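Let me begin by presenting the structure, written as structure tokens, before commenting on it.
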Amino acid sequence: MVKLNDGDKMLSVKEIMQEYNMTYQTVNHYTDFGLLPIALKKGNVRFYEKNIVDERIKKIKKLSEEGYSLSLIRKQLIGI
């Protein structure tokens, strides 16, 4: 886990996979679809803000369980 100057904790894709029991492909899909914004890139490694990942993944799981598609979930989360 990386910390920015202001103390925000950052997670790599690998850490997201481990902490949230997700596949690499799922993290990539959520990123490409706009559900998980990249906060920082160092070389080929992407980092995400932990608090945003926590909040978004909880909402994604809840809405998925309720039967919402990823398109509708994206509208709920980011208004697109």
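Note: hydrogens, waters and symmetry copies are ignored here, and every other heavy atom, side chains too, is used. Owing to the predicted nature of the structure, the values given are computational and were not obtained by experimental measurement.
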Report task. Check whether more than 12 heavy atoms from other residues, nucleotides or ligands sit under 6.0 Å from atom CG of Asp32, and answer yes or no. Result -> yes

Less than 4.5 Å apart, side chain to side chain, heavy atoms only: is that true for [X] and [Y]?
{"X": "Met17", "Y": "Thr26", "result": "no"}
{"X": "Phe47", "Y": "Leu11", "result": "no"}
{"X": "Leu35", "Y": "Ile57", "result": "no"}
{"X": "Lys50", "Y": "Glu15", "result": "no"}

[atom1] of [X] to [atom2] of [Y]: how many Å apart, nearest 0.5 Å?
{"X": "Phe33", "Y": "Arg74", "atom1": "CZ", "atom2": "CZ", "value": "4.0 Å"}
{"X": "His29", "Y": "Leu70", "atom1": "NE2", "atom2": "CG", "value": "5.0 Å"}
{"X": "Ser12", "Y": "Lys42", "atom1": "OG", "atom2": "NZ", "value": "12.0 Å"}
{"X": "Met22", "Y": "Gln25", "atom1": "CE", "atom2": "CD", "value": "11.0 Å"}
{"X": "Leu72", "Y": "Leu77", "atom1": "CG", "atom2": "CG", "value": "11.0 Å"}
{"X": "Lys75", "Y": "Ser69", "atom1": "NZ", "atom2": "OG", "value": "8.0 Å"}

Query raised in the report: Of Ile38, Ile16, Leu40, which is the lone residue that meets side-chain contact (heavy atoms from CB on, under 4.5 Å) with Arg46?
Result: Ile38

Report task. Start with the C-alpha distance between Glu65 and Lys61, add both sets of side-chain angles, then the distance that settles salt bridge (charged side-chain N to carboxylate O under 4.0 Å, His left out), and finish with yes or no. Result -> CA-CA 6 Å; Glu65 288 170 1; Lys61 285 184 178 183; over 6 Å; no

Query raised in the report: Can you name the residues that form a side chain to side chain contact (heavy atoms under 4.5 Å, CB included) with Ile52, not counting sequence neighbours?
Result: Pro37, Glu49, Arg56

Report summary line: Nearest heavy-atom approach of Ile73 to Ser64 is CD1-OG, 3.4 Å

Requested in this report: Decide yes or no on side-chain contact (heavy atoms from CB on, under 4.5 Å) for Tyr24 and Lys14, but give the supporting numbers first.
Outcome: CA-CA 8 Å; Tyr24 182 81; Lys14 185 177 180 180; over 6 Å; no

Query raised in the report: Is a side-chain donor-acceptor pair under 3.5 Å present for Thr31 with Tyr48?
Result: yes

